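Only one structure is covered here, and it is reproduced in the block below.
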Number of protein chains: 2
Amino acid sequence: MTEQIDIIQNIKRLFTREEFPAKTLLVKEGTLTKKLFYIDRGCCRAWFNNDGRDVTYQFLFEGNFASSFETIISNEVSWYSVETLEPTVMYSVGIEDFRNRMDQHPHIKAFYYHYVEKRLLFYQKLFVAHIKDSPEQRYRELLAQHPEIVLRVPQHYIASFLGITSVSLSRIRNRK
Amino acid sequence: MTEQIDIIQNIKRLFTREEFPAKTLLVKEGTLTKKLFYIDRGCCRAWFNNDGRDVTYQFLFEGNFASSFETIISNEVSWYSVETLEPTVMYSVGIEDFRNRMDQHPHIKAFYYHYVEKRLLFYQKLFVAHIKDSPEQRYRELLAQHPEIVLRVPQHYIASFLGITSVSLSRIRNRK
DNA sequence: GTCTGACGATAACAATTGTTAATTAATCAC
DNA sequence: GTGATTAATTAACAATTGTTATCGTCAGAC
């Protein structure tokens, strides 16, 4: 845990501090992402275009990383975009630079892979929630487990994240 | 790619070959898993109990690994069970033994983390498919992308995996 | 062989969600 | 502030899925 804090402090020391207003595009669908962002303050959403409609599949808050994993892992273009939802404070590093640091510092590599492991378990749970629960149950669960999302994110993005229409989410919210 | 093949050959050389009939329980929900299995021949399903109903959330075929990631990563008990669906040939290794080998052989560690990265992207896509597609679209997609699942696995497990009832899957299959 | 249980198809009905459109509320730009 | 745009609510109806139950088939146990 103290090791975790050390890593965060190293990030703040070694990465470049940047500030962005709301609705800034950090990662653009179909391109090679140049930077990895650590979110110090603010939040983002990741989404992609599905037959002309936005599908938001992820919210990222303080303490998380925003980038295209595909680019980091295998230099493929991103299939999604990332944009800020609020004025945001980031610490960024170039992807190539990040890869070099991982090779040079085993503890950075270990931290990165631990993060990947956690993300794997996170997405596994997210998927499982979709096959075992109804949309209403998923909303209640989101409210209970991640109230910050419901408080800080516009409803139609949450509806998209839950896999339902904004009309349906509005109905669920207004059930007795 | 040749490196991949080397790793598989090492697995077959270093792990213990085991054969299991269909319906053998390899991982039991709520327990600490003792082994990591490499599937050489046959297939498995991973599932858990949800208010008295089985929910199958994963099928594992030849070339995949079966175990509890939670146990490997952080020594927590498994929240799911794994059982064979067909007579199966496995290569197994004790979890503790596997951890030691990872520490001693960097290429095993690299292989493991590469596998974790791939699984992360896999589950991310699985989750995304659930928020962007209808159950019918997901079934058609499964049929197109993974026909082996539809051919080798009983329908009610597939329905569970798709997040619908077996009645609904039967209807979808019989739409013109 | 016969019995049993598991599996899949089908039917009838309830409940939920999607779609479209209209209305109100909130937010943003100037 | 004012006007324009975007977001959220509500309504009406269509489409889909869930639920429960019945039936036929098949495989395995004995």
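Just so it is clear, the values below take in all heavy atoms, side chains as well, and ignore hydrogens, waters and symmetry mates. Proteins come first, then strands; the chains are lettered A, B, ... in the order of their sequence lines, and each starts at number 1. Everything quoted here is computed from the prediction, not taken from an experiment.
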If we ignore hydrogens and angles and just use 3.5 Å, is the side chain of B:S81 paired with the main-chain N or O of B:E29 as donor and acceptor? yes
Is a donor on one side and an acceptor on the other found under 3.5 Å between the side chain of B:S78 and the backbone of B:T31? no
Of all of residues 148-163 of chain A, which get a heavy atom below 4.0 angstrom from DNA chain C, listed by number? A:G163
When you group the ILVMFWY residues by side-chain heavy-atom contacts below 4.5 Å and let the links chain together, are A:L32 and A:F65 in the same group? no
How close or far is atom [atom2] of [N] from atom [atom1] of [X], stated in whole angstroms?
{"X": "B:Q137", "N": "D:dT17", "atom1": "CD", "atom2": "C1'", "value": "15 Å"}
{"X": "B:I164", "N": "C:dT16", "atom1": "CD1", "atom2": "C1'", "value": "15 Å"}
{"X": "A:E136", "N": "C:dG18", "atom1": "CD", "atom2": "P", "value": "13 Å"}
{"X": "A:I172", "N": "C:dG18", "atom1": "CD1", "atom2": "C1'", "value": "12 Å"}
{"X": "A:N174", "N": "C:dT17", "atom1": "CG", "atom2": "C1'", "value": "16 Å"}
{"X": "A:L169", "N": "D:dT10", "atom1": "CG", "atom2": "C1'", "value": "14 Å"}
{"X": "B:Y139", "N": "D:dT17", "atom1": "OH", "atom2": "P", "value": "13 Å"}
{"X": "B:R173", "N": "C:dT10", "atom1": "CZ", "atom2": "C1'", "value": "14 Å"}

Regarding the side chain of B:P135, the nearest nucleotide among C:dT10, C:dT17, D:dT17 is D:dT17
Any side-chain donor paired with an acceptor under 3.5 Å for [X] and [Y]?
{"X": "B:E70", "Y": "B:W79", "result": "yes"}
{"X": "A:Y115", "Y": "A:N64", "result": "yes"}
{"X": "A:E136", "Y": "A:S134", "result": "no"}

What is the ring orientation for A:Y80 with A:Y57, classed by angle as parallel under 30°, tilted 30 to 60°, or perpendicular over 60°? perpendicular
So, does B:R175 get its side chain near the phosphate of D:dT17, meaning an N or O under 4.0 Å from OP1 or OP2? yes
B/S/- contact track for nucleotides 19-30 of chain D, protein heavy atom under 4.0 Å: BB----------
Give a yes or no on whether the ring-centroid distance for B:F59 and B:F161 is below 6.0 angstrom. yes
Lys/Arg cation over aromatic B:F98: B:R101, 6.0 Å, 45° cone: no
